[in-house]
Undergrad: 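Dumping the structure here so I can ask a few things about it.
Only a predicted model underlies this, so the values are computations on that prediction, with no experimental measurement involved.
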Amino acid sequence: MGARLSLSRLTAPLQENVRRVLQLGRAVALVWSASPGWTLANAALIALKAGLPLVFLYVLKLLIDSLAQNYFGGGTPAADVNERVVVLVGIAAGIALLQSLAVAAGRLITDTQAQVITDHVASLLHKKSIEVDLEYYEQPKYHDTLHRAQQQATYRPRRIVDRLLDVAQNGLSLAVMGAVLVSFHWAILPVLALASVPGVLLRMRHSAQYYDWERRATAEERLASYYNEVLNSVGHAKDIRLFGLGPLFRERFVALRKKLRQQRTRLVWSRASGDFIGDGIAVAGMFAVFAAMVHSVTTGTITVGSLVMYFTALQRAWSHVGAMLHSTSELYEDNLFLGELYEFLDLEPRVLEPDSPLPVPAPIRAGVAVENVSFRYPNSGRLVLSNVSLRIRPGEHIALVGHNGSGKTTLAKLLCRLYDVSEGAITLDGTDIRRFRIRDYRDQLGVLVQDYPHYQQSARENVWFGNTALSLTDPRIDAAARASGADAVFARLKSGYDSMLGNRFRDGEELSGGQWQKVALARIFVRDCPILILDEPTSALDPDAEEEVLARFRQLAQGRTTILISHRLSAVKDVDTIYVMEQGRVAESGAHADLIRRGGLYARLFELQAKNYRV
């Protein structure tokens with residue numbers, strides 16, 4: 001047992017290094033898939049920018065030696081010397097101009113590729129956000145993972161490729177300059193490399209510390225972002241002013257940001273100290289080599305032109321060694337943080353597609369059945385639903401009522417297959433809904449959730465989002481708006497159906513809560529589906545508007561299976577069957593009149609609401 005633990009402890013670092021190397025390959029593949037053309041163009045520029053300095057150095061050597069021999073040696077210059085000098089100067093100028101052109105082209109390619117990769121990674125994040133189950137959105141850990149992915153992922157993959165290209169370019173340039181320096185002495189390159197290694201090790205150590213801190217600080221950074229949102233968002237503006245909460249949340253934001261800033265500053269100071277030590281060692285190594293070169297000039301071993309060439313090559317080689325090792329340490333840091341992206345992209349849904357999906361029945365003949373269903377949310381041991389059973393015939397209208405937390409909305413989520421049941425089954429015409437393709441099954445549903453979104457788009461699009469298979473000019477959009485009462489809302493807007501809703505963008509017009517609810521209902525009405533699920537469809541409406549919507553809804557719901565969730569029992573008394581939920585179970589069921597006669601939980605709840613309307 002102890003031997004196995006020791007072996008595991010020894011192999012763990014190796015496995016981690018292998019994982020990180022594979023992660024680098026994954027980053028390169030990601031960048032290549034996003035921008036293959038720009039990547040090839042970058043590679044071609046690397047080769048060009050690595051070769052040009054060597055040619056420039058050689059031309060510079062020829063120029064200095066020519067000047068030294070013909071003008072500073074005491075002899076008479078040859079007749080063609082001036083012409084040769086002019087040609088060499090012209091060649092040097094041409095090389096310098098070509099280098100400037102390569103730098104400008106590199107900047108253009110890098111900036112363009114950066115935008116392409118950023119958009120590509122953002123698209124991957126959006127795709128995964130759509131794919132993951134609803135459960136992820138209801139877990140703090142998911143929000144931490146998403147926060148880190150959003151912070152790091154849009155630029156880290158590009159930076160990794162940039163660093164790899166930097167390493168390649170500096171390595172190639174170093175090889176070119178190294179060939180020049182080796183002709184002076186073979187030991188120069190090892191000296192430069194050894195002098196640069198301490199700085200790289202210090203940077204990598206700091207990168208690991210910064211990565212660990214970033215993971216630990218994620219929750220607090222999200223909390224600071226939340227305080228910022230509270231202080232700036234329209235949703236909190238009224239309470240902030242009415243209850244005088246502005247100073248409180250501002251103090252919390254300032255205190256938390258100060259704490260994070262102090263922690264980050266300590267890390268920055270640590271890195272700056274390490275950089276200074278590392279650079280000091282590297283400078284000492286370079287000037288030791290330079291001293292040897294100067295000594296060679298005094299002994300006549302090399303010419304002044306050779307000294308200029310060697311020293312320039314030494315400067316550039318030192319620069320390339322430093323840049324290459326710096327890029328390596330940055331690559332290490334970027335690769336650490338890239339794990340945040342892959343941690344998010346590797347999330348797997350638990351609501352899975354069936355291996356061999358069955359066709360959804362059309363028309364529905366037997367209806368929906370909830371058979372002995374129990375459910376607990378992931379990472380929770382508490383049963384939210386326990387042994388729930390009910391049956392809904394085609395065209396039947398039922399209602400789910402009960403106290404908050406009784407399980408009504410959870411059951412609706414299961415019916416929509418946003419979660420899968422823990423025990424039991426939900427069937428459609430006798431077939432478990434897990435046997436249908438998810439999109440095919442959900443296309444049978446028209447769902448109004450309790451926390452429906454306010455799309456900051458045009459009025460027409462707000463209805464059309466309920467059935468994007470239609471064209472924007474389809475008359476069914478107008479009919480759905482009339483059915484929900486949204487048509488009258490749109491008629492009062494400046495540009496009618498073309499008006500931008502909400503106040504986030506220019507020329508947008510904000511709606512009241514009841515008006516937004518009519519728009520959300522219109523999205524349901526425009527869907528051509530046999531099952532309707534409405535969670536608190538009239539909660540933001542006044543009594544007149546509620547009666548109007550319910551009358552229209554009853555007309556629309558004819559021939560459709562309808563599941564209505566409501567705290568307003570007056571809204572459900574006309575349905576066929578009412579299921580009263582209590583502590584995750586069906587406490588009683590029946591028509592309104594039957595339940596009133598029994599005098600059970602439903603009757604008590606109805607009486608509590610009804611007495612508020614009596615004189």
Undergrad: Quick check: are there more than 12 heavy atoms from other residues, nucleotides or ligands sitting under 6.0 Å from CZ of R376?
TA: yes
Undergrad: Examine distances only and state if a side-chain atom of S495 and a backbone atom of D498 form a donor-acceptor pair shorter than 3.5 Å.
TA: no
Undergrad: Any side-chain heavy atom of T473 within less than 4.5 Å of one from R460?
TA: no
Undergrad: If you measure only the distance, is there a donor-acceptor pair under 3.5 Å linking the side chains of E510 and W516?
TA: yes
Undergrad: If I take atom NE2 from residue H454 and atom CG from residue N503, how far apart are they, to the nearest 0.5 angstrom?
TA: 11.0 Å
Undergrad: Looking at W464, is its backbone amide N or carbonyl O close enough to the side chain of T468 to form a donor-acceptor pair, meaning the two atoms are under 3.5 Å apart?
TA: no
Undergrad: Between CG of L108 and OG1 of T112, what distance do you get to the nearest 0.5 Å?
TA: 4.5 Å
Undergrad: Apply salt bridge (charged side-chain N to carboxylate O under 4.0 Å, His left out) to R252 and list each qualifying residue two or more places apart in sequence or on a separate chain.
TA: none
Undergrad: Could you measure the distance from the CG atom of L414 to the CD1 atom of I433? Nearest 0.5 Å is fine.
TA: 8.0 Å
Undergrad: To check you understand the geometry: which heavy-atom pair defines the closest contact between K494 and S499, and what is its length?
TA: N-OG, 3.8 Å
Undergrad: Going by atom type alone, with no hydrogens or angles, which donor-acceptor pairs under 3.5 Å involve a side-chain atom of residues 258-267 and a protein atom two or more places apart or on another chain?
TA:
{"residue": "K259", "atom": "NZ", "partner": "E220", "partner atom": "OE2", "Å": "2.6"}
{"residue": "Q263", "atom": "OE1", "partner": "W213", "partner atom": "NE1", "Å": "2.7"}
{"residue": "R264", "atom": "NH1", "partner": "Y210", "partner atom": "OH", "Å": "2.7"}
{"residue": "R264", "atom": "NH2", "partner": "E221", "partner atom": "OE2", "Å": "3.2"}
{"residue": "T265", "atom": "OG1", "partner": "R261", "partner atom": "O", "Å": "2.7"}

Undergrad: For F465, what residues pass the ring-ring contact (aromatic ring centres under 6.0 Å, His included) criterion, not counting sequence neighbours?
TA: Y455
Undergrad: For R527 and L445, work out which heavy atoms get closest and say how close.
TA: NE-O, 2.8 Å
Undergrad: Using 30° and 60° as the class boundaries, would you call the ring planes of F490 and Y497 parallel, tilted or perpendicular?
TA: perpendicular
Undergrad: Could you go through the side chain to side chain contact (heavy atoms under 4.5 Å, CB included) check for V351 and L418 one step at a time?
TA: CA-CA 7 Å; V351 178; L418 295 173; over 6 Å; no
Undergrad: Kindly give the heavy-atom pair with the smallest separation between F436 and R417, and that separation in Å.
TA: O-NH1, 4.1 Å
Undergrad: Decide side chain to side chain contact (heavy atoms under 4.5 Å, CB included) for T409 and V449; before the verdict, give the C-alpha distance in whole Å, the side-chain angles of both, and the deciding distance to 0.1 Å.
TA: CA-CA 9 Å; T409 297; V449 295; over 6 Å; no
Undergrad: Would you mind reporting whether I524 and I533 have side-chain heavy atoms less than 4.5 Å apart?
TA: no
Undergrad: Does a side-chain heavy-atom distance below 4.5 Å link L501 with Q456?
TA: no
Undergrad: Are more than 12 heavy atoms, taken from residues, nucleotides or ligands other than R435, located less than 6.0 Å from that residue's CZ atom?
TA: no
Undergrad: Test your reading of the model: is there a side-chain donor-acceptor pair from R437 to the backbone of E353, 3.5 Å cut-off?
TA: no
Undergrad: Do Y227 and L223 have side chains that approach each other closer than 4.5 Å (heavy atoms only, starting at C-beta)?
TA: yes
Undergrad: Is a side-chain donor or acceptor of N462 paired with a backbone partner of S458 at a separation under 3.5 angstrom?
TA: yes
Undergrad: Tell me, do H120 and S33 make a side-chain contact under 4.5 Å, heavy atoms counted?
TA: yes
Undergrad: I'd like to check the salt bridge (charged side-chain N to carboxylate O under 4.0 Å, His left out) partners of D528; sequence neighbours left out, ordered by chain and number.
TA: none
Undergrad: Compare every heavy atom of S471 with every heavy atom of I477, then report the nearest pair and how far apart it is.
TA: CD1-O, 3.4 Å
Undergrad: With sequence neighbours left out, what residues match D432 under salt bridge (charged side-chain N to carboxylate O under 4.0 Å, His left out)?
TA: R434
Undergrad: Side chains of L511 and V519: does their closest heavy-atom pair fall under 4.5 Å?
TA: yes
Undergrad: Rounded to the nearest 0.5 Å, what's the gap from CG on L470 to CZ on R476? Could you check?
TA: 4.5 Å
Undergrad: Looking only at non-hydrogen atoms, find the nearest pair between I109 and A41 and report the distance.
TA: CD1-CB, 3.7 Å
Undergrad: Hey, does L52 have a side-chain heavy atom less than 4.5 Å from the side chain of L48?
TA: yes
Undergrad: Minimum heavy-atom separation for L415 to Y441, with atom names?
TA: O-OH, 2.5 Å
Undergrad: Measuring only between side-chain heavy atoms, which start at C-beta, is L428 closer than 4.5 Å to I531?
TA: yes
Undergrad: Output, in order, the C-alpha distance, side-chain angles, deciding distance and verdict of side chain to side chain contact (heavy atoms under 4.5 Å, CB included) for R350 and D420.
TA: CA-CA 8 Å; R350 299 187 190 183; D420 278 335; over 6 Å; no
Undergrad: Could you go step by step and tell me if L40 and W32 meet the side chain to side chain contact (heavy atoms under 4.5 Å, CB included) rule?
TA: CA-CA 9 Å; L40 288 175; W32 174 261; 3.8 Å; yes
Undergrad: Determine the interplanar angle of the F375 and Y377 rings, folded into 0 to 90°, and report it as parallel if under 30°, tilted if 30 to 60°, perpendicular if over 60°.
TA: perpendicular
Undergrad: Please enumerate all residues that pass salt bridge (charged side-chain N to carboxylate O under 4.0 Å, His left out) together with E131, with sequence neighbours excluded.
TA: K127, K128
